[in-house]
**Student:** 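Can you read through this structure? Questions will come right after.
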Amino acid sequence: MNIRKIREQLAGSALRPQRRFGQNFLHDWNLACWIVDCALRGLSSPWRIWEVGPGLGVLTKLLLGKGAEVRAVEIDRGLAAILRDRFQGEADFHLCEGDVLRAEWPEPTRDWVLIGNLPYSISGPFLASLFRHRTPFRRIVVTLQREVAERLVAAPRHSSFGSLSVMGQSFYRIEIRKRLPPSVFYPKPRIDSAVVWLEPLQAAPVSSEDREEFCGFVRRSFLHRRKCLGKSLGCQERRRPEELGVDEWVEIWQTLRG
Ligand code: SAM
């Protein structure tokens, strides 16, 4: 969908891009094809996709064209109406109108792929919730603001290293697959983006039952990132939160919980 078509689609429903919902629509067709390929490559069908914020349906259309089943969560009523109209008659398209931060994950009895050009305003809380819970996602391919993508893959002592890095890397293998300039979106955002690819670790160092507790511990510990951990946790640790690697975080958490 090029910029002219995006404008026409929105205008046809008396809509405008809503900044509060982070609406920057992808208009680079090749890039959309590349993102879909990145999400599906190497996975055998039937593909079940959970799409966050389908917008006007640029990724949805490609996914349905490949024979995937798509469940999409879209908060904007106007866009939801366009999507219903555009994909009516597609038996594999299921739309949930609402806030993805309140939505239930798809049922864990089957493997799902999560895909989405995430609205910038919710990417932090959304990812944190993803890491805190056991989810049915076999793979996750999301476009994020570049700064958040860099936090996800950062190593200890790097300025981007923080609680999101520890939580994410404790449960997922994470790679930045592509950096995107603002020009691939309409309207152009003020910042760069990146496509991030995540797959669950086969042997995560923290069990599914303990994820929430572990993530809570990490987040609380990073509230005072300049203080040595001994001061905030009441233990002997002299290093600051940003100096510990993922394995060391697991170790210190296990020691302190006894
Ligand atoms: N996927 C489309 C694309 O690539 O062109 C749109 C991406 S746009 C960056 C973000 C989309 O997420 C918009 O459609 C927006 O309305 C939707 N959105 C924003 N906040 C949301 C939320 N809390 N829950 C579900 N959808 C949301």
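Every number for a ligand or one of its atoms is a count from 1 in the order of the listing.
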**Student:** Atom 5 (O) of ligand 1: which protein heavy atom is closest, and how many Å away?
**Tutor:** Leu26 N, 2.9 Å
**Student:** In ligand 1, which numbered atoms sit nearer than 4.0 Å to a non-hydrogen atom of Phe25?
**Tutor:**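 Here the atoms of ligand 1 in question are 5 (O).
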**Student:** Within less than 4.0 angstrom of ligand 1, does Val73 place any heavy atom?
**Tutor:**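 Yes.
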**Student:** Tell me whether Gly98 reaches ligand 1 (any heavy atom closer than 4.0 angstrom to a ligand atom).
**Tutor:**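 Right, Gly98 reaches ligand 1.
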**Student:** Tell me which protein heavy atom sits closest to atom 9 (C) of ligand 1, plus the residue, atom name and distance to 0.1 Å.
**Tutor:** Gly22 O, 3.1 Å
**Student:** Is any N or O atom of Leu118, backbone or side chain, closer than 3.5 Å to an N or O atom of ligand 1?
**Tutor:**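 The answer is no, given that Leu118 and ligand 1 share no N or O pair closer than 3.5 Å.
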**Student:** Decide whether a cation-pi geometry holds between Arg71 and Trp50; the criteria are a distance under 6.0 Å from NZ or CZ to the six-membered ring centre and an angle within 45° of the ring axis.
**Tutor:**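 Because its charged atom misses either the 6.0 Å distance or the 45° angle limit, Arg71 does not stack over Trp50.
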**Student:** Output yes when the distance from some N or O of ligand 1 to some N or O of Gly53 is under 3.5 Å, and no in every other case.
**Tutor:**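 Between Gly53 and ligand 1 (N or O atoms, distance only) the closest approach is under 3.5 Å.
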**Student:** Identify, by atom number and element, the atoms of ligand 1 in contact range of Val58, meaning under 4.0 Å from any of its heavy atoms.
**Tutor:**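 Listed by number with element, the hits are 3 (C), 4 (O), 5 (O).
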**Student:** Just going by heavy-atom distances, which of Ile75, Val52, Leu31 is nearest to atom 21 (C) of ligand 1?
**Tutor:** Ile75
**Student:** In terms of side-chain geometry, is the basic nitrogen of Arg134 or Glu209 positioned less than 4.0 Å from the acidic oxygen of its partner?
**Tutor:** no
**Student:** Give the atom numbers and elements of ligand 1 that come within less than 4.0 Å of a heavy atom of Gln23.
**Tutor:** 13 (C), 15 (C), 16 (O)
**Student:** Backbone N or O of Phe185 within a donor-acceptor pair of the Asn24 side chain at under 3.5 Å?
**Tutor:**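 Judged by distance alone, no pair lies under 3.5 Å.
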**Student:** With the threshold set at 4.0 Å, does a side-chain nitrogen-carboxylate oxygen contact exist between Asp111 and Arg139?
**Tutor:** no
**Student:** Quick one: nearest non-hydrogen protein atom to atom 24 (N) of ligand 1, plus distance?
**Tutor:** Val100 N, 2.9 Å
**Student:** Between Gln23 and Asp76, do the side chains contain a donor N or O and an acceptor N or O under 3.5 Å apart?
**Tutor:**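 Judged by distance alone, the side chains do pair up.
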**Student:** Contact between Leu59 and ligand 1, counting heavy atoms under 4.0 Å?
**Tutor:**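 The answer is no: ligand 1 sits nowhere under 4.0 Å from a heavy atom of Leu59.
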**Student:** Of the backbone atoms (N, CA, C, O) and the side-chain heavy atoms from C-beta on, which set of Thr143 has a member under 4.0 Å from an atom of ligand 1: side chain, backbone, both, or neither?
**Tutor:** neither
**Student:** Before signing off on this row, confirm whether Leu56 and ligand 1 have an N or O atom pair separated by under 3.5 Å.
**Tutor:** no
**Student:** Do Arg179 and Glu150 make a side-chain contact, defined as non-hydrogen atoms from C-beta onward lying under 4.5 Å apart?
**Tutor:**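 A side-chain contact exists here, since the closest heavy-atom pair is under 4.5 Å.
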**Student:** Tell me whether ligand 1 is touched by Asp99 - counting only heavy atoms on the residue side and a distance under 4.0 Å.
**Tutor:**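 Yes.
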**Student:** Donor-acceptor pair, distance only, cut-off 3.5 Å: does the side chain of Arg240 make one with the backbone of Cys228?
**Tutor:** no
**Student:** Do the rings of Phe161 and Phe222 sit parallel, tilted or perpendicular, given the 30° and 60° boundaries?
**Tutor:** perpendicular
**Student:** Could you tell me, atom by atom, which parts of ligand 1 come under 4.0 Å of a heavy atom of Asn24?
**Tutor:**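 Under 4.0 Å from Asn24, ligand 1 has these atoms: 7 (C), 8 (S), 9 (C).
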**Student:** Would you say Lys61 and Phe87 make side-chain contact, with heavy atoms under 4.5 Å?
**Tutor:** yes
**Student:** How far is atom 16 (O) of ligand 1 from the closest protein heavy atom, and which atom is that?
**Tutor:** Glu74 OE2, 2.6 Å
**Student:** Does the ring of Trp47 carry Lys66 above it, NZ/CZ under 6.0 angstrom from centre and within 45° of its axis?
**Tutor:** no
**Student:** Any chance you could lay out the salt bridge (Lys or Arg N to Asp or Glu O under 4.0 Å) test for Glu199 and Arg138, step after step, and finish with the verdict?
**Tutor:** CA-CA 6 Å; Glu199 278 198 359; Arg138 165 84 185 71; 3.5 Å; yes
**Student:** Show me which atoms of ligand 1 lie under 4.0 Å from any heavy atom of Leu79.
**Tutor:** 14 (O), 16 (O)
**Student:** Considering only heavy atoms of Asn117, which atoms of ligand 1 have at least one such atom less than 4.0 Å away?
**Tutor:** 3 (C), 4 (O), 7 (C), 8 (S), 9 (C), 10 (C)
**Student:** Give the atom numbers and elements of ligand 1 that come within less than 4.0 Å of a heavy atom of Pro54.
**Tutor:** 1 (N), 2 (C)
**Student:** Treating Gln169 as the side-chain partner and Ala154 as the backbone partner, does any N or O pair qualify as donor plus acceptor under 3.5 Å?
**Tutor:**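 Confirmed, Gln169 side chain pairs with Ala154 backbone.
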**Student:** Look at the rings of Phe131 and Tyr172 and say which category their plane angle falls in: under 30° parallel, 30 to 60° tilted, over 60° perpendicular.
**Tutor:** tilted
**Student:** Which residue supplies the protein heavy atom nearest to atom 20 (N) of ligand 1, what is that atom called, and how far is it?
**Tutor:**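 The answer is Pro119 CG, 3.4 Å.
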**Student:** Around atom 19 (C) of ligand 1, find the nearest protein heavy atom and jot down its residue, atom name and distance.
**Tutor:** Phe21 O, 3.1 Å
